[in-house]
Amino acid sequence: MRIDYARELNKEQLEVVTGAEGPSLVLSGPGTGKTRTLVFRTLYLLERNVDPREILLVTFTKKAAKEMTERVELLWGTRPQGMWGGTFHHIGHLILRMHGHHVGYDSSFGILDREDTRSLLGAIMREDFHARKDLPKPAVFQELIGLALNSRSSLEELADASQKSRPDFLETAQYLFGRYQERKKRQNLLDYDDLLVKWLELLEQNTQVQQQLSSRFRYILVDEFQDTNPIQNEIVRLMGLQHANVLAVGDDAQSIFSFRGASIRNILEFQRIYPGAKVFRLETNYRSSPEILDVANAVIERNSMKLPKQLHSTKPAGPRPQVAALSNPSSEAAFVAQQILSLLSMKEKLSDMAVLFRNRYHAADVELALSKRNIPYQVRGGIRFFEQAHIKDVLAVLRILANRKDEVSWIRVLKLQKRIGAVKAARIAEIAAGMASFEYENSDADTEQVFALFLAASRMKRAQDVLEYTLEKWYAEYARSAYPDAESRIEDVRQLALMAKEYDGIQDMLSALSLSEDLEEGEVDRLTLSTIHQAKGLEWKTVFLISLKEGEFPYRRGMYKQEALEEERRLFYVAITRCKENLFLTYPELSRGWRDLPDSPSSFLLELDQNLFEQKREQEEYEEVDSRNSKKGWFIP
């Protein structure tokens with residue numbers, strides 16, 4: 001059976017499928033059918049008698065690899081025997097099983113998963129540092145070491161300010177890195193990062209193997225090329241040296257993972273790395289309305305680090321994206337919830353809607369608003385805001401102040417303290433639950449210090465004061481020693497403290513948060529809540545993009561360097577292009593703080609032509625919104 005490619009593909013896709021011989025870059029905008037293009041390019045090669053063993057299809061997720069290979073098999077009528085397809089790490093694993101002895105590993109090597117890696121680092125720390133309590137947990141070192149390997153950077157370059165300020169942190173990290181590598185080598189073990197690092201080492205150090213692999217794979221097809229890190233980029237170059245048939249498919253406008261080591265320069269410099277490379281563009285979008293694409297095109301046009309591309313829609317005209325300026329985060333959340341209820345009344349499905357946000361804490365108010373209205377929701381790629389470990393840690397402090405007999409919360413807090421383990425925590429919790437006050441004298445300095453902290457906190461009337469005190473006195477230090485993403489978690493707690501300002505007292509806040517419990521397990525249709533990073537590759541009919549205020553989006557850490565600011569703008573572009581028809585952009589005009597100060601809407605909104613948006617000024621009442629604070633308006637000021 002011969003495939004009618006002209007009938008199955010649009011003109012842009014057809015040009016790639018039939019003409020991507022030699023090094024080729026395909027700039028594939030969101031919703032333009034890049035997966036279909038890769039699948040049909042593979043079929044085109046097979047139909048022209050290319051041996052399946054000479055094709056290498058590389059993806060970033062198992063799901064993408066499975067989808068592509070299954071579609072090839074379905075359309076081809078049988079599984080192409082010998083064709084290699086999978087993630088970078090999967091392909092690296094196969095090659096190292098065959099050739100790993102050239103870099104010091106025999107074919108029986110074991111693979112450490114992330115938990116195994118933490119355990120091995122922990123064992124080294126116990127042995128060599130005698131489990132020093134002042135050192136961060138193994139996960140912190142694990143994250144730093146992994147990022148250094150994937151970005152080909154030094155530990156010193158990647159350590160943040162809080163880590164560099166810790167005595168001996170870098171020296172300890174460098175020592176652990178050396179010992180960790182030594183232990184793996186001695187035990188014939190590789191970790192997840194080694195599957196790339198050793199693959200590249202093999203290609204760079206053994207010319208014979210490099211030529212053998214490069215000769216075998218005549219055609220290399222790489223998906224999501226904008227997400228490659230420096231190691232993956234160099235692997236692709238060396239694997240393709242012999243035939244130069246590298247087909248890289250990606251979108252520089254969707255490069256948003258620099259924090260994982262991905263480099264946008266890989267796709268921007270493709271033509272320099274592969275002289276004479278062809279460049280194709282997939283610009284016909286099958287997902288979004290013309291009005292949404294008008295905004296997306298205008299957003300990305302503001303970036304200087306980009307490859308030209310203009311999306312155009314195949315769909316009929318739809319409503320313009322709408323911008324809502326609400327009084328404060330609670331009003332914003334109530335507005336979103338009411339719009340969702342309105343859509344439900346028009347027979348729309350929750351599964352066709354999503355609320356997207358730049359940072360995890362932005363969703364806290366929305367979760368409460370949804371729970372109050374019994375709107376089922378799911379959090380993509382994570383757990384609900386109030387169920388996260390660090391949030392439950394600090395809420396446990398409030399629960400103890402509200403109910404001194406709460407042994408569960410006592411144990412949770414005590415186990416976070418230095419030199420207090422599970423057995424000791426249980427013993428102290430039992431004593432504490434029977435005490436009439438927090439005044440406690442004991443020869444155990446660690447225990448006495450905990451009670452002193454609670455005694456001071458018990459004199460505070462407001463939950464906000466307690467949370468800020470907890471963070472300042474001990475929790476920030478604990479978080480930095482326990483979590484690789486400590487600063488993000490600390491910011492979550494700060495935002496929780498600001499949220500607490502809206503409640504009259506500790507018990508009032510705890511009662512309100514109890515409403516955020518999940519609905520019945522039997523519910524099927526649910527709204528999606530997601531960070532924009534987690535939403536990449538997905539789509540919904542209706543999208544709410546919240547907290548679009550300056551300092552939050554673009555996030556303040558990315559506002560002062562051009563490269564970081566442009567990545568923030570790409571993130572905005574990704575969020576917009578998740579939407580098919582109904583796009584709501586919202587922001588609060590007042591932020592939470594020691595005083596309510598006006599906030600500026602995101603510069604990403606202000607830099608766009610306001611005619612791209614719906615600017616309604618109609619008055620609407622939102623349930624459970626404090627009328628003293630409610631703005632009730634749609635507009636960009």
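The shown structure was predicted, so the numbers you read here are calculated from the model rather than taken from an experiment. Numbering starts at 1 and runs along the sequence shown. FYI, side chains are in, hydrogens and waters are out, and symmetry mates aren't considered; it's all heavy atoms of this structure.
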Looking at [X] and [Y], what are the two nearest heavy atoms and their distance?
{"X": "G261", "Y": "L147", "answer": "N-CD1, 3.6 Å"}
{"X": "N266", "Y": "F225", "answer": "O-CE2, 3.5 Å"}
{"X": "K315", "Y": "Y286", "answer": "CD-O, 4.0 Å"}
{"X": "F270", "Y": "P23", "answer": "CE2-C, 4.4 Å"}

Determine whether the side chains of [X] and [Y] contain a donor N or O and an acceptor N or O closer than 3.5 Å.
{"X": "D492", "Y": "H390", "value": "yes"}
{"X": "R384", "Y": "Q378", "value": "no"}
{"X": "S154", "Y": "E157", "value": "yes"}
{"X": "S304", "Y": "E566", "value": "yes"}
{"X": "N328", "Y": "S331", "value": "yes"}
{"X": "S327", "Y": "E589", "value": "no"}

For [X], what residues pass the ring pair (Phe, Tyr, Trp, His ring centres under 6.0 Å) criterion, not counting sequence neighbours?
{"X": "F544", "value": "F584"}
{"X": "Y361", "value": "none"}
{"X": "Y483", "value": "none"}
{"X": "H89", "value": "Y192"}

For K561, is there an ion pair with E568 - N to carboxylate O distance below 4.0 angstrom? no
So that I can tick it off, tell me whether K63 and E67 are bridged by a salt bridge, with the cut-off set at under 4.0 angstrom between side-chain N and carboxylate O. no
Rounded to the nearest 0.5 Å, what separation is found between the CG atom of L545 and the OG1 atom of T586? 7.0 Å
Value for CD1 (I340) from OG (S345), rounded to nearest 0.5 Å, stands at 12.0 Å
Go through the structure and list residues passing side-chain hydrogen bond (donor to acceptor under 3.5 Å, both in side chains) with S603, not counting sequence neighbours. E550
Determine which pairs satisfy salt bridge (Lys or Arg N to Asp or Glu O under 4.0 Å) with at least one residue from [range], sequence neighbours left out, and list them in order.
{"range": "residues 329-338", "answer": "none"}
{"range": "residues 281-296", "answer": "R287-E539"}
{"range": "residues 18-34", "answer": "E21-R41, K34-D223, K34-E224"}

Ring centres under 6.0 Å, that's the criterion: do H362 and F553 meet it? no
Which pairs with one or both residues in residues 270-280 pass side chain to side chain donor-acceptor pair (under 3.5 Å), sequence neighbours excluded? E269-R272
Taking side-chain contact (heavy atoms from CB on, under 4.5 Å) as the test, write out the residues that go with K541, two or more places apart. E348, D352, E581, N582
For A65, all residues meeting side-chain contact (heavy atoms from CB on, under 4.5 Å), sequence neighbours excluded: T59
Could you check whether any side-chain heavy atom of [X] comes within less than 4.5 Å of a side-chain heavy atom of [Y], counting everything from C-beta outward?
{"X": "F604", "Y": "V299", "result": "no"}
{"X": "Y555", "Y": "R358", "result": "yes"}
{"X": "R380", "Y": "L529", "result": "no"}

Kindly indicate, with the supporting measurements, whether the criterion side chain to side chain donor-acceptor pair (under 3.5 Å) is fulfilled by Y573 and N297. CA-CA 8 Å; Y573 174 87; N297 287 329; 5.2 Å; no
State which residues pass salt bridge (charged side-chain N to carboxylate O under 4.0 Å, His left out) with E563; sequence neighbours excluded, sorted by chain then number. R265
Under 3.5 Å: donor-acceptor pair, side chain of K306, backbone of N303: yes
Donor-acceptor pair, T69 side chain versus K66 backbone, under 3.5 Å? yes
